[in-house]
Amino acid sequence: MANITFINDCYTKDNLHLYMLHSDPGTRDLCVVFSHGMTGNLTEYFAMVWADKFCDNGIGLLSINNRGHNIMNNTHVKDSVDSVRIGTAYEKFEDCVYDFECGIEKAKELGYKKVILAGHSLGTNKSVYYYSQKKPDVAGIILASMPDMIAYELLYGEEYYNNMLAEAKANVEAGNPDKLVEVPGVSWVPMSSGTYVNWYSPGSNLDNIPVVRNPEKWDQIAELDVPVLTFSGGDEEDMYHHMDLIGEKAVKCPDFEWYIIPDTDHCYTGKEDECAELVLDWIRRKFL
């Protein structure tokens with residue numbers, strides 16, 4: 001069983017308080033630094049199953065409560081009584097770099113010799129972006145259920161997408177980027193106009209796993225040059241099941257493995273143990 005410690009002394013380089021959970025195996029050979037997905041938090045159930053399996057095998061897990069946790073949150077600012085409202089509704093995609101940097105720095109501070117970067121859902125888009133921009137010192141990357149975020153919005157039709165983007169842009173141009181728009185698409189939550197424009201504008205950095213439109217070049221995916229493991233649930237939408245295509249676009253990746261876990265959903269409900277064993281097997285074969 002995992003020996004879990006709550007970490008509350010970490011601040012990002014842009015001075016935001018970042019909570020973490022450390023599942024401590026008692027050794028310091030390898031740690032997985034994990035970032036949850038959209039509206040999630042650091043206690044995703046399947047990740048806690050990972051924590052138990054990992055610790056039993058001498059592997060640490062550092063789960064980050066990234067700034068996009070929950071629909072909205074108030075995050076404390078260092079050396080201040082102030083806080084800023086973020087969460088999924090207000091986050092800027094590119095700021096994920098600060099959260100990952102903080103998590104990896106903490107893993108190194110804890111004494112781990114090797115680090116694996118991991119993300120789930122939106123956390124995979126963030127992982128790909130972070131790695132492509134910063135090339136951190138990580139041994140490998142785990143990408144659990146990689147979403148084509150723009151394709152999700154387009155499921156509601158181009159007219160819907162264009163109207164939503166126009167409304168959000170108009171709010172931003174009017175000096176009201178915090179004005180919420182009701183989004184029935186991928187966000188399924190109220191989202192600020194500024195965030196909608198940041199995420200869903202054509203050419204946005206969020207659009208880094210474009211399996212449905214499949215352009216010739218996937219610039220961020222093409223920068224992955226460490227071993228990658230990716231998988232999705234068999235009951236997820238078809239757009240999650242084109243991991244072979246993603247592997248083709250990861251032209252620098254020396255070792256790309258992908259799997260579909262049958263009869264389960266986006267959070268691997270009922271298959272948490274199978275998911276954990278899949279990840280554990282990959283780590284053992286590649287890094288231990």
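Basis for what follows: all heavy atoms, side chains included, without hydrogens, waters or symmetry-related copies.
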Between A276 and K53, the two heavy atoms sitting closest are CB-CG, 3.6 Å
Salt bridge [X]-[Y], side-chain N to carboxylate O under 4.0 Å:
X	Y	value
D207	R213	yes
K108	D137	yes
D9	K106	yes
K92	D14	no

Original post:
Could you walk me through whether N125 and Q220 pass the side-chain contact (heavy atoms from CB on, under 4.5 Å) check?
Top reply: CA-CA 10 Å; N125 302 87; Q220 293 180 40; over 6 Å; no
I116 with W258, same ILVMFWY side-chain cluster at under 4.5 Å:
no
Using the rule that two of Ile, Leu, Val, Met, Phe, Trp, Tyr join whenever any of their side-chain heavy atoms come within less than 4.5 Å, decide whether I261 and F54 are in one cluster.
yes
Checklist entry - So Y129 and F93, would you call those rings parallel, tilted or perpendicular, with 30° and 60° as cut-offs? => result tilted
message = Once you measure the plane-to-plane angle for F6 and Y19, does it fall in the parallel (<30°), tilted (30-60°) or perpendicular (>60°) bin?
response = parallel
Okay, side chain of [X], backbone of [Y]: is any donor-acceptor separation there less than 3.5 Å?
X	Y	value
H69	T88	no
S192	A89	yes
T27	G58	yes
T264	T269	yes
D148	V212	yes
T124	A144	no

Discussion item. Around atom NZ of K114, are there more than 12 heavy atoms from other residues, nucleotides or ligands closer than 6.0 Å?
Written reply: yes
Ring pair (Phe, Tyr, Trp, His ring centres under 6.0 Å) filter on Y98, not counting sequence neighbours, yields none
The residue among F46, Y45, F34 that forms ring pair (Phe, Tyr, Trp, His ring centres under 6.0 Å) with H120 is F46
query = Is it true that the side chains of Y196 and E153 contain a donor and an acceptor less than 3.5 Å apart?
reply = yes
>> Ignoring hydrogens and geometry beyond distance, is a side-chain donor-acceptor pair present between Y152 and E237 at under 3.5 Å?
In response: yes
Side chain to side chain contact (heavy atoms under 4.5 Å, CB included) test vs L18 passes for just one of T75, L42, T12, namely T12
The residue among Y131, W282, F256 that forms side chain to side chain contact (heavy atoms under 4.5 Å, CB included) with V228 is F256
